[in-house]
There are 2 protein chains.
Amino acid sequence: MAGKAAEPQVIWARPERTGRGPRPAFTRADIAAAAVRIADTSGLDAVSMRHVAAELGCGTMSLYNYVPRKEDLYELMIDAVGAEHEIREPSGDWRADMIRNAEETRGIMHRHTWVPRLMSGVYGFSPNTLRYLEHCLACLEPLDAAYGVKMELVALINGVVTTYTANEIATAERTRAMPWSEEEENAVRIAYLGGQVATGAYPHLAAAFMEDSGPIDLEAVFRRALERVLDAFDPDPG
Amino acid sequence: MAGKAAEPQVIWARPERTGRGPRPAFTRADIAAAAVRIADTSGLDAVSMRHVAAELGCGTMSLYNYVPRKEDLYELMIDAVGAEHEIREPSGDWRADMIRNAEETRGIMHRHTWVPRLMSGVYGFSPNTLRYLEHCLACLEPLDAAYGVKMELVALINGVVTTYTANEIATAERTRAMPWSEEEENAVRIAYLGGQVATGAYPHLAAAFMEDSGPIDLEAVFRRALERVLDAFDPDPG
DNA sequence: CCTAGTTACGTACACCGTACGTAGTGCGCT
DNA sequence: AGCGCACTACGTACGGTGTACGTAACTAGG
C-alpha cells in the first residue's frame with residue numbers, strides 16, 4: 001500500500017546485485033574478508049563500520065550500500081569463516097566424520113577467536129552454514145535415525161564445540177591480556193578461590209580441588225565431551 | 001617496587017569495602033539489582049554506565065568507584081541472577097536433580113533473556129556461581145565417578161542449557177522485533193531457504209525439510225538433549 | 001590532629017552506529 | 001535514443017558510548 005515494500009531482514013534473502021545503477025566496487029566476499037582481517041589482527045572490537053570501510057578504501061557510509069546494519073556485517077563474517085570447512089567425501093563412519101567436523105570447527109574458532117562471541121547473535125542459515133549442515137547430514141547417512149534426530153545431533157555437537165572452544169579462548173585471552181605477570185594474577189585468583197573454599201561453605205568443591213592435580217589438558221576435555229555426546233546418539237555403542 | 005601495586009583483575013578478588021573514606025552509598029548488590037532491572041525492562045544494550053548510575057541516583061563517574069570496568073558490571077549481573085537458584089536438599093536421584101537444576105537455569109534465562117549473551121564473557125567464579133556449582137556436586141554425590149568427571153558433567157550440562165536456551169530466545173526475539181508481520185518475514189525466509197534447497201545443492205537438507213512436519217516443541221527438544229547428555233554419564237542406563 | 005586513601009562527580013575526549021541529504025552513474029523501459 | 005529511476009558514493013551531523021582526569025568533601029588509622 002503506502003510506503004516502501006517490506007525489505008527482508010536477513011541479508012541472505014537480499015540479492016547482492018540488482019542490475020540498476022553503477023557497478024558496485026566490492027563484493028560481499030571482499031567486505032567479509034576485510035572485516036575478518038581486522039578482527040583477526042586487531043580483535044572484534046576493532047571491527048567498526050569506519051575501520052572496515054577504511055580497509056576497503058571507501059567512505060564509511062558507502063558500506064551501508066552493501067551492509068544495511070552492522071549485524072549483517074557479522075553475518076558476512078561468520079559465513080566467510082564457514083568457507084574454511086573442508087568438505088570431503090563421508091567415510092562411512094559417521095562417528096569419525098563428526099569428530100573430524102567438530103575438530104575442524106574448533107580449529108576455525110581457534111584461528112578466528114572472535115567467532116564464538118558472534119555465534120549467538122547470528123541467523124545461522126548463511127550459504128556456507130547451509131553447506132556445512134548439508135555435509136554433516138551426508139556424514140550421518142549411515143546413522144539409522146530420523147532427520148529430526150540428526151538435526152538435533154548436529155545442533156548439540158555444534159553447541160558443545162562452541163561453548164567449549166569459547167571457554168578455551170576466554171581463559172587463554174585472560175592470561176594473555178594482563179598488565180602484570182600471569183603468576184601474579186593466578187596467585188590472586190588462587191588466593192581468592194582458596195579463601196572462598198577455606199570458609200568451609202563449599203565442601204564438595206574443596207574435595208574437587210583436592211583431587212585435581214596438575215594442569216588440565218583442555219583438548220582432551222573437549223574430546224571426551226564430544227565422545228560422550230556421540231555416545232548418546234550411538235545405537236551400537238562400544 | 002615502583003608504582004602502585006597490582007590490583008586483581010577479577011572483581012570478586014577485590015574487597016567490597018576497605019574501611020577508609022566515607023561510607024559507600026551503595027552495595028554491589030544494589031548496583032547489580034539496578035543493572036538487572038534495566039536489562040530486564042529495556043534490554044542489555046540499555047545497560048550503560050550512565051543509565052545504571054541514573055537508576056541508582058548518582059553521578060556516572062561515581063559508579064567507577066564500585067565497578068572498575070563495565071565488564072565487571074556484567075559480572076555482578078550474572079552473579080545477581082545466580083541468586084535465583086533455589087538450592088534444595090539433593091533427593092538422592094542425581095539424574096532428576098540435575099534435570100531440575102537445568103530446567104531452573106533455563107527458567108532463569110527465560111526470565112532474564114540477556115543472560116546467555118553475557119555467559120561467554122564472564123569469569124565464572126562469582127559467589128553465587130560457586131554456590132550453584134557446589135550444589136550440583138552435592139546432587140552428584142550418588143554418582144560413582146571422580147570429581148573431574150562430575151565437573152565435566154556440570155560444564156557440559158551448563159553448556160547445553162546455555163546454547164539451547166540462547167537459541168530459543170534468539171528465535172523468539174527475532175519474530176518479536178519485526179516492523180512487518182511475522183507471516184511476512186517468515187514468508188521471505190521460507191522463500192529464501194526454499195530457493196536455496198530447490199537448487200538441488202542440498203539434497204539431505206531438502207529431505208530433512210520434507211520430513212519435518214508442523215512446528216517443533218522447543219522445550220521437548222531441550223529436554224531430549226538433556227536426557228541424552230545425562231545418558232552419556234549414566235553407568236546404569238535405562 | 002593530621003593525613004592518606006576513599007567517595008563523589010563534572011568535564012572532556014575519542015569513538016561508535018547510522019539518519020539524512022546531495023551528487024553522479026548506468027540499466028531498463030518506452 | 002533517450003528519459004527516468006534505482007542505485008552507488010560519501011560528507012556531515014547527532015546522540016550515544018566507555019572512561020581518563022581533576023577537584024572537592026569526607027573519614028578512619030597512625
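Order of the sequence lines fixes the chain letters, A, B, ..., with proteins taken first and strands second; residue numbering starts at 1 for each chain.
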Identify all pairs in which a protein N or O lies below 3.5 Å from an N or O of nucleotides 19-23 of chain D, and state each distance.
| from | atom 1 | to | atom 2 | distance (Å) |
| --- | --- | --- | --- | --- |
| D/dT19 | OP2 | B/Tyr64 | OH | 3.2 |
| D/dT19 | OP2 | B/Lys70 | N | 3.1 |
| D/dT19 | O4 | B/Arg50 | NH2 | 3.4 |

(request) Write down the distance between CG (A/Asn65) and P (C/dT18), rounded to a whole number of angstrom. (result) 14 Å
(request) For residues A/Glu104 and A/Met109, determine if any side-chain heavy atom of one lies less than 4.5 Å from a side-chain heavy atom of the other. (result) no
(request) To the nearest 0.5 Å, tell me how far B/Met77 CE sits from B/Leu44 CG. (result) 5.5 Å
(request) Using a 4.5 Å cut-off on heavy atoms from C-beta on, say whether the side chain of B/Trp12 contacts that of B/Phe125. (result) no
(message) Please classify the nucleic acid contact of B/Tyr66 as base, sugar-phosphate, or nothing, using heavy-atom distances under 4.0 Å.
(response) sugar-phosphate
Using a 3.5 Å cut-off and no angle test, enumerate the donor-acceptor pairs between side-chain atoms of residues 46-59 of chain A and protein atoms at least two apart in sequence or in another chain.
| from | atom 1 | to | atom 2 | distance (Å) |
| --- | --- | --- | --- | --- |
| A/Ser48 | OG | A/His51 | N | 3.1 |
| A/His51 | ND1 | A/Ala46 | O | 2.7 |
| A/Glu55 | OE2 | A/Arg37 | NH1 | 2.4 |

(message) Check this for me: does any side-chain nitrogen of one of B/Asp45 and B/Arg117 sit under 4.0 Å from a carboxylate oxygen of the other?
(response) yes
(message) If I take atom CG in residue A/Asp45 and atom C1' in nucleotide C/dG17, what distance separates them, rounded to the nearest angstrom?
(response) 14 Å
(message) Assuming nearest nucleotide by heavy-atom distance, tell me which of B/Gly59 and A/Ala46 is located more 5' along DNA chain C.
(response) B/Gly59
(request) List in chain and number order the residues that pass ring-ring contact (aromatic ring centres under 6.0 Å, His included) with B/Tyr164, two or more places apart in sequence or in another chain; answer none if no residue qualifies. (result) none
(request) Assign B/Ala25 to base, sugar-phosphate, or nothing according to its heavy-atom contacts below 4.0 angstrom with the strands shown. (result) sugar-phosphate
(message) Strictly by salt bridge (charged side-chain N to carboxylate O under 4.0 Å, His left out), give each pair with a member in residues 156-170 of chain B just once, sequence neighbours left out.
(response) B/Arg106-B/Glu168
Check: protein-nucleotides 26-28 of chain C nitrogen or oxygen pairs below 3.5 Å:
| from | atom 1 | to | atom 2 | distance (Å) |
| --- | --- | --- | --- | --- |
| C/dC27 | O4' | A/Gly19 | O | 3.4 |
| C/dC27 | O3' | A/Gly19 | O | 3.2 |
| C/dC27 | O2 | A/Arg20 | NE | 3.3 |

(message) Determine whether B/Leu218 and B/Phe222 satisfy the following criterion, side-chain contact (heavy atoms from CB on, under 4.5 Å), listing intermediate values before the conclusion.
(response) CA-CA 6 Å; B/Leu218 287 178; B/Phe222 170 75; over 6 Å; no
(request) Looking at every strand, decide which applies to A/Ser62 at a 4.0 Å heavy-atom threshold: base, sugar-phosphate, or nothing. (result) base
(request) Take atom CZ of B/Arg14 and atom P of C/dT6, then tell me their distance rounded to the nearest Å. (result) 10 Å
(request) Could you check how far NE2 of B/His51 sits from C1' of D/dT17, rounded to whole Å? (result) 10 Å
(request) Can you figure out which of D/dT17, D/dC10, C/dC9 approaches the side chain of B/Cys58 most closely? (result) C/dC9
Quick one: side chains of residues 129-136 of chain B, donor-acceptor pairs under 3.5 Å with protein atoms, not counting sequence neighbours, listed by atom name and distance.
| from | atom 1 | to | atom 2 | distance (Å) |
| --- | --- | --- | --- | --- |
| B/Thr129 | OG1 | B/Ser126 | OG | 2.7 |
| B/Tyr132 | OH | B/Thr105 | OG1 | 3.3 |
| B/Glu134 | OE1 | A/His204 | N | 3.3 |
| B/Glu134 | OE1 | A/Leu205 | N | 2.9 |
| B/Glu134 | OE2 | A/His204 | N | 3.0 |
| B/Glu134 | OE2 | A/His204 | ND1 | 2.8 |
| B/His135 | NE2 | B/Asn101 | OD1 | 3.4 |

